[in-house]
Amino acid sequence: MIKITLPDGSIREVAAGSTALQIAQSISPRFASEVLSSTVNGELWDIQKPINEDSSLKLHKWDDDKGKLAFWHSSSHLMAAALEQLYPGIKFGIGPAIESGFYYDVDSPTPITEGDLAKIEQKMVELARQGQTFVREDISKDEAMRRYTEKGDQYKCELIEGLEDGTITFYTNGGYTDLCRGPHIATTSIIKAVKLTSVAGAYWRGDEKRKMLTRIYGITFPKKSLLDEYLVLLEEAKKRDHRKLGKEMELFYFSPKVGQGLPMWLPKGAALRERLENFLRNVQKQYGYEQVITPHIGMKELYVTSGHYAKYGKDSFQPIHTPNEDEEFLLKPMNCPHHCEIYKFKPRSYKDLPVRLAEFGTVYRYEMSGELHGLTRVRGFTQDDAHLFCRPDQLKDEFKKVIDIVLYIFKTLKFDNFTAQISLRDPNNREKYIGTDENWEKAETAIIEAAAEKGLNTVVETGEAAFYGPKLDFMVRDAIGRKWQLGTIQVDYNLPERFDLTYKGSDDKDHRPVMIHRAPFGSMERFVAVLLEHTAGKFPLWLTPQQAVVMPISEKFNEYAQKVAKLLNNCDIRTLVDDRNEKIGRKVRDNELAKVPLLVIVGEKEEAENTISVRVQGQGDKGSMSLQDFTAMVAQKVKEEISKIGSNN
RNA sequence: GCUGUUGUAGCUCAGUGGUAGAGCACUUCCUUGGUAAGGAAGAGGUCUCGGGUUCAAUCCCCGAUAACAGCUCCA
């Protein structure tokens with residue numbers, strides 16, 4: 001018997017031997033027309049392949065990721081069919097479904113550009129309407145190889161070579177046949193809306209040494225209205241782009257004359273950053289951190305010792321030479337070596353540990369020009385860095401405290417949609433890393449255990465570790481869904497050895513401390529970028545550069561407006577006066593659009609009664625009140641935004 | 001770094017092989033107002049840079065450069 005769980009949760013049983021599509025048909029033809037894919041015992045299963053054994057079957061529709069997967073993957077075949085007709089001789093790489101839509105990598109005899117997309121879309125719609133079915137065919141590896149060798153398709157041949165021996169499946173829709181694991185939807189006629197979004201280059205098999213193919217991205221929907229909704233969503237996301245908001249709000253600026261990837265913080269951005277730094281400084285003070293300040297350069301030998309020179313020297317900024325021969329300095333690409341030297345400036349006792357050295361340290365890394373991206377990927381940036389030197393028995397506890405800090409910050413700034421990722425080394429590629437296996441194992445175990453004890457939901461990625469140690473990263477998405485690493489915590493047994501760091505134990509012998517690198521924001525630049533996209537520029541009151549604006553009704557009340565602004569500023573409410581020669585309606589509009597959270601209007605009535613009229617951004621008129629009531633209201637709001645440390649546990 | 005697209009006023013963007021345009025912002029004047037755009041006048045450009053084609057290039061071609069999308073990379 002086959003046990004079927006329907007999308008509504010109800011369960012039915014049918015005899016084995018039918019396909020998922022037939023079973024869906026027996027429930028109702030209408031229902032069957034919405035079924036996109038199926039899973040048998042949790043594994044994806046072709047909806048047209050008979051299920052012969054006792055098993056449990058699930059049917060997936062559009063509202064389910066597994067349904068979308070089949071829909072979009074089938075759409076990529078539909079696009080391939082269209083491309084084959086439009087560009088005879090075109091060769092295909094791979095064409096999977098992705099998080100939103102699909103792509104296909106192609107090698108076309110004639111170049112395909114953005115201008116061609118409309119034509120391809122049209123062809124896809126035309127083919128989709130023909131209601132092509134996806135026909136499955138099982139053939140041998142040799143036969144598959146023979147077919148593609150005949151066609152002279154080196155890409156598919158290479159893919160087949162990489163497959164295990166045995167049967168290989170092909171799918172045909174219309175005149176287009178493709179090597180494919182499946183599964184697919186029943187017919188192309190349910191693809192009702194097609195949008196090809198972009199063309200870009202992509203290396204064959206992701207290898208930068210190999211040929212670059214043309215990647216065409218697209219997305220399809222079973223209903224036209226869903227496509228419209230998607231396009232609106234994309235437009236909304238574009239409005240939240242931190243590069244656009246940063247310009248509009250005058251937060252930061254890139255000058256070609258200063259250089260690529262070297263952001264300059266404008267007065268408002270600097271004020272915002274300063275507030276964020278102070279916020280973290282206060283948190284860290286409560287956790288026993290000490291602030292240090294180190295230079296922006298260091299002797300080459302410093303980085304030879306740390307191992308960074310061997311690993312990154314050639315890809316980095318060129319050394320700085322002095323009039324002295326053989327003397328070379330490097331711009332610092334990270335702060336750890338300097339902090340290790342600070343640790344060494346005096347003998348340490350086991351009683352002194354943990355030593356927690358924090359610095360807002362500006363570092364420089366020569367990122368390849370194509371990697372630069374607004375404030376999220378730059379060549380000069382400031383890490384909210386700290387290095388904790390602790391005894392091995394303190395490691396896990398210290399690590400957990402750092403997790404607390406990160407979670408506290410994310411909670412305060414309402415980053416509730418983060419992913420915690422444990423990055424381990426690739427055990428098959430050990431030469432990429434420094435340090436002994438034993439130390440790596442200790443470090444990896446510490447991270448896994450600490451994360452588990454904190455109840456974090458983690459994903460594990462092997463091969464993503466730093467070259468000196470494993471890490472726990474906190475990833476947050478930007479407005480259009482790209483993932484960025486913000487907070488990071490790393491365990492390191494290696495640098496203490498390389499720098500020969502020691503502490504005197506209770507046994508009067510020298511011992512090796514363990515080091516934790518951590519940056520809860522990641523970098524000030526990237527954090528502000530993601531914060532901008534999350535808040536769409538409407539920062540929480542405690543953080544926003546300008547909290548209030550006082551708008552006099554006419555010039556006659558400018559003096560009173562100045563007086564009110566001065567009183568508010570004295571109460572630590574960051575306030576400016578808008579005394580432009582404009583009508584009040586205009587001032588309200590401009591300041592609403594500038595996202596000033598509190599708008600204060602003063603005129604004849606307010607001056608006579610010694611009050612103010614208040615408007616809250618996005619919420620309209622709140623009526624008049626005394627200055628005392630207003631400042632109390634603001635203080636209350638700020639207090640609500642910044643909860644006490646530790647309350648997230 | 002690779003592939004592709006784009007570069008016109010402070011910003012957002014039209015436009016043309018024959019001496020360059022709009023809206024917003026800016027300056028001045030009028031207006032002195034009650035919760036999302038009051039009116040008028042003015043100023044502002046080596047059309048990213050360097051070559052080439054042409055009688056003539058902002059426009060066509062080549063190269064550089066920067067931004068954008070993706071790939072690759074990310075201490």
Side-chain angles (χ1 to χ4, degrees), chain A residues 98 103 105 111-115 197-217 238 241 243-244 247-248 250 253-257 259-261 303 306-313 315-316 332-337 363-374 376-379 383 385 434 464-469 471 480 482 484-485 488 490 492 495 517 519 526 551-558 581-594 599-606 613-624:
Chain A
I98 52 176
Y103 67 78
D105 285 346
I112 298 173
T113 66
E114 221 134 299
T197 44
S198 70
V199 207
Y203 299 110
W204 169 234
R205 313 213 93 178
D207 185 343
E208 62 178 320
K209 291 186 184 66
R210 306 195 63 175
K211 183 169 173 143
M212 182 162 276
L213 305 181
T214 305
R215 178 169 295 179
I216 306 174
Y217 285 91
K238 271 191 201 152
D241 189 313
R243 293 165 298 194
K244 181 174 150 70
K247 195 182 264 180
E248 286 170 4
E250 298 187 358
Y253 172 61
F254 290 90
S255 154
K257 212 158 190 172
Q260 269 189 294
Y303 303 103
S306 70
H308 289 101
Y309 188 81
K311 182 87 184 166
Y312 295 102
D315 304 324
S316 198
K332 75 173 169 188
M334 81 295 304
N335 304 295
C336 6
V363 298
Y364 300 89
R365 296 176 186 178
Y366 189 78
E367 305 287 5
M368 291 195 288
S369 63
E371 315 307 336
L372 301 172
H373 182 97
T376 46
R377 193 84 182 270
V378 286
R379 285 179 173 166
Q383 293 181 309
D385 211 355
I434 57 170
E464 292 291 312
F467 75 97
Y468 52 77
K471 26 179 212 170
I480 61 168
R482 286 180 290 222
W484 294 99
Q485 176 210 305
T488 179
Q490 311 172 4
D492 186 356
L495 280 187
H517 309 244
R526 188 177 284 180
M551 299 177 284
I553 295 283
S554 82
E555 276 171 19
K556 283 182 250 167
F557 311 105
N558 279 359
N581 179 7
E582 294 291 351
K583 289 188 170 181
I584 194 65
R586 180 53 182 269
K587 292 186 188 182
V588 166
R589 176 182 153 85
D590 288 349
N591 285 290
E592 283 273 351
L593 290 174
L599 297 90
V600 172
I601 293 164
V602 293
E604 191 175 1
K605 178 167 153 275
E606 287 76 14
S613 175
V614 176
R615 234 187 115 96
V616 175
Q617 204 268 341
Q619 296 175 28
D621 196 355
K622 296 282 173 192
S624 61

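Residue numbering restarts at 1 for every chain, and letters A, B, ... go by the order of the sequence lines.
Nearest nucleotide to the S613(A) side chain, out of C71(B), A75(B), G34(B): G34(B). Closest contact between the side chain of V588(A) and the listed nucleotides G38(B), A75(B), A36(B) involves A36(B). Closest approach to the K605(A) side chain among G34(B), A75(B), A37(B) is made by G34(B) (side chain taken as heavy atoms from C-beta onward). For M212(A), the listed nucleotide lying nearest its side chain is G70(B); candidates were G33(B), G70(B), C11(B).
G4(B) is paired with C68(B) under the Watson-Crick or G-U wobble criterion, all donor-acceptor distances under 3.5 Å. When Watson-Crick and G-U wobble pairs are counted only if both distances are under 3.5 Å, A41(B) pairs with U27(B).
If you find the closest nucleotide of RNA chain B to E464(A) and to R215(A), the one lying nearer the 5' end belongs to R215(A). Judged by closest nucleotide on RNA chain B, S554(A) is the one of S554(A) and E371(A) placed further toward the 5' end.
In this structure, NZ on K311(A) lies 13.5 Å from OG on S316(A), to the nearest 0.5 angstrom. Here the NZ atom belonging to K247(A) is positioned 10.5 Å from the CG atom belonging to D241(A), to the nearest 0.5 angstrom.
The residue Q260(A) sits close only to the backbone: its heavy atoms come under 4.0 Å of sugar-phosphate atoms, none of a base. Contacts of P333(A) with the nucleic acid, taken as non-hydrogen atoms under 4.0 Å apart, include base atoms. Residue-level contact check: R377(A) touches the bases, meaning some heavy atom is under 4.0 Å from a base atom. Nucleic acid contact class of E114(A) (heavy atoms, under 4.0 Å, all strands): none. G370(A) comes within 4.0 angstrom of a nucleotide base, judged by non-hydrogen atoms across all strands. Within the 4.0 angstrom heavy-atom criterion, only backbone atoms of the sugar-phosphate kind lie near Y217(A); the bases stay farther away. Nucleic acid contact for G585(A): sugar-phosphate only, since backbone atoms but no base atoms lie under 4.0 Å from a heavy atom of the residue. Within the 4.0 angstrom heavy-atom criterion, no nucleotide atom of any strand lies near G115(A). Counting any heavy atom pair closer than 4.0 Å across all strands shown, L213(A) reaches no nucleic acid atom. Contacts of Q383(A) with the nucleic acid, taken as non-hydrogen atoms under 4.0 Å apart, are absent. Nucleic acid contact for N581(A): base, since at least one base atom lies under 4.0 Å from a heavy atom of the residue. Counting non-hydrogen atoms under 4.0 angstrom, E604(A) reaches a base of the nucleic acid. Among the atoms of the strands shown, none is found under 4.0 Å from any heavy atom of R379(A). Residue contacts shown for I584(A) are limited to sugar-phosphate atoms, with no base heavy atom under 4.0 Å away.
No cation-pi contact links R379(A) to Y364(A), judged by a cut-off of 6.0 Å to the six-membered ring centre and 45° from its axis.
For the pair R586(A) and U35(B), the criterion of a side-chain N or O lying under 4.0 Å from OP1 or OP2 is not met. Not one side-chain nitrogen or oxygen of R482(A) sits closer than 4.0 Å to the OP1 or OP2 atom of C68(B). Checking the phosphate oxygens (OP1, OP2) of G1(B), a side-chain nitrogen or oxygen of S369(A) falls inside 4.0 Å.
For E248(A), the CD atom counts as densely surrounded, since its 6.0 Å shell holds more than 12 non-hydrogen atoms of other residues, nucleotides or ligands.
Between the C1' atoms of G38(B) and U5(B), the separation comes to 43 Å (whole Å). G34(B) and U28(B) have their P atoms separated by 25 Å, given to the nearest Å.
Taking the charged nitrogens against the carboxylate oxygens, E592(A) and R615(A) do have a contact shorter than 4.0 Å, which makes a salt bridge.
With hydrogens and angles disregarded, a donor-acceptor distance shorter than 3.5 Å links the side chain of R526(A) to the backbone of T376(A).
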